Amino acid sequence: MILLAIDTAGADCAAALYCSSSQTLLASTSERIGRGHAERLMGMIDDVLAAAGKDMQDIGRIAVVIGPGSFTGIRVGLAAARGLALALSVDIVGVTTLAAIAAAHQAEKGPQPVIAAMDAKRDEVYVQSFGADGAALDAAAMISHDELRTMVAETGFGVAGSGRTIIGLDGPEDGDCFPLIQICRLGAAAPVSGKPKPLYLRGPDAKPQTGYAVARA
């Protein structure tokens with residue numbers, strides 16, 4: 001099966017093609033653009049298809065990163081993935097950013113329980129615990145920095161992601177990055193259970209304006 005992976009949940013805009021039978025990354029591309037995912041994504045999908053010598057009809061499944069992350073970026077990726085899945089009549093699955101961070105950590109460090117922790121700003125972090133087999137042990141949540149410290153102390157788990165440096169652990173400066181192949185592997189293994197939904201954990205910053213009268217004809 002050929003899987004198309006899409007990630008627009010953060011500052012990066014990324015796409016990859018993966019062969020699940022050979023467990024091989026056929027082609028991938030990623031750009032740190034911050035904004036403008038909607039304008040770049042479809043071109044990047046065309047690029048990976050061309051690089052792999054494939055076309056749209058070769059795609060058998062689509063995996064898309066559903067968050068947590070950028071509210072707008074998540075929506076862009078999900079909309080593109082759903083549209084393509086509908087047009088191609090293929091399965092679509094969602095992969096969380098936290099699962100990808102945990103999987104990247106375990107691929108490097110070996111099978112071990114880990115807490116994936118991302119900086120959520122405003123003195124909070126997005127977190128989720130994963131067992132040594134990669135299975136989620138709890139639901140993704142948004143907690144305070146002090147709550148993360150308590151969580152680490154109580155479980156004894158390691159920490160992956162930018163949450164490491166937030167609580168004073170050594171770690172990479174940009175700890176929320178992960179190889180695209182992690183999205184591909186998780187997406188290929190994920191069960192299909194309806195349309196994936198966004199994992200925001202926090203509402204958008206934009207609020208509807210109130211206090212203005214609406215003129216009626």
Side-chain angles (χ1 to χ4, degrees), residues 3-32 44 48 51-52 61 63-70 73-74 77 93-120 125-143 145 148-191 199 201:
L3 177 141
L4 169 66
I6 294 171
D7 179 16
T8 58
D12 294 348
C13 187
L17 279 187
Y18 176 79
C19 177
S20 62
S21 58
S22 63
Q23 299 183 12
T24 302
L25 189 65
L26 302 178
S28 67
T29 183
S30 179
E31 294 180 16
R32 178 144 294 193
M44 296 177 79
V48 294
R61 173 179 284 201
V64 58
V65 179
I66 59 173
S70 160
I74 292 169
V93 295
V95 175
T96 72
T97 316
L98 295 167
I101 290 171
H105 176 87
Q106 291 172 332
E108 179 181 353
K109 305 294 185 181
Q112 55 185 263
V114 64
I115 298 169
M118 293 173 58
D119 185 5
V125 286
Y126 302 127
V127 298
Q128 190 170 18
S129 302
F130 296 84
D133 61 354
L137 301 178
D138 51 24
M142 185 170 62
I143 63 176
H145 295 177
L148 174 59
R149 293 186 181 94
T150 299
M151 187 177 181
V152 173
E154 290 179 347
T155 63
F157 290 2
V159 181
S162 55
R164 287 184 57 85
T165 53
I166 286 174
I167 61 172
L169 301 175
D170 292 334
E173 181 177 343
D174 193 2
D176 294 333
C177 288
F178 45 83
L180 272 172
I181 195 167
Q182 300 302 340
I183 302 300
C184 297
R185 289 170 176 165
L186 291 169
L199 180 63
L201 297 181

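Bear in mind that the values here come from a model prediction, so they are computed numbers and not experimental data.
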Among residues two or more places apart or on two chains, list those pairs meeting salt bridge (charged side-chain N to carboxylate O under 4.0 Å, His left out) that have a residue in residues 7-28.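 For residues 7-28: D12-R32.
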Return a table of donor-acceptor pairs under 3.5 angstrom between the side chains of residues 93-113 and protein atoms on other chains or two or more places apart.
unit_1 : atom_1 : unit_2 : atom_2 : d
T96    : OG1    : A99    : N      : 2.9
T97    : OG1    : G67    : O      : 3.4
T97    : OG1    : P68    : O      : 2.9
Q106   : NE2    : Q112   : O      : 2.8
Q106   : NE2    : G131   : O      : 2.8
Q112   : NE2    : K109   : O      : 3.3

Would you confirm whether R164, through its side chain, and V159, through its main-chain N or O, come within 3.5 Å as a donor-acceptor pair?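 Indeed, once roles are kept as given, a pair shorter than 3.5 Å links the two residues.
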Got a donor-acceptor contact below 3.5 angstrom from the T29 side chain to the M44 backbone?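 Absent.
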Measuring from atom [atom1] of [X] to atom [atom2] of [Y], what distance do you get when rounded to the nearest 0.5 angstrom?
X: L148; Y: I166; atom1: CG; atom2: CD1; value: 8.0 Å
X: T150; Y: I167; atom1: OG1; atom2: CD1; value: 10.0 Å
X: L201; Y: I143; atom1: CG; atom2: CD1; value: 11.0 Å
X: F130; Y: I115; atom1: CZ; atom2: CD1; value: 10.5 Å

For S22, side chain to side chain contact (heavy atoms under 4.5 Å, CB included) partners two or more places apart: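 Once residues adjacent in sequence are excluded, the partners of S22 under the side chain to side chain contact (heavy atoms under 4.5 Å, CB included) criterion are C19, T24.
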Counting C-beta onward and ignoring hydrogens, is there a side-chain heavy-atom pair between M151 and F157 closer than 4.5 Å?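 Of all side-chain heavy-atom pairs linking F157 with M151, none is under 4.5 Å.
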Do S129 and D138 touch side chain to side chain, with heavy atoms closer than 4.5 Å?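 Counting from C-beta outward, S129 and D138 do come under 4.5 Å.
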Testing the basics here: between [X] and [Y], what is the closest heavy-atom pair and its distance to 0.1 Å?
X: M142; Y: A120; answer: SD-CB, 4.3 Å
X: I183; Y: A5; answer: CG2-CB, 3.9 Å
X: I74; Y: A9; answer: CG1-CB, 3.9 Å
X: C13; Y: T8; answer: SG-CG2, 4.0 Å
X: A52; Y: L17; answer: CB-CD1, 3.8 Å
X: R61; Y: A188; answer: NH1-O, 3.4 Å

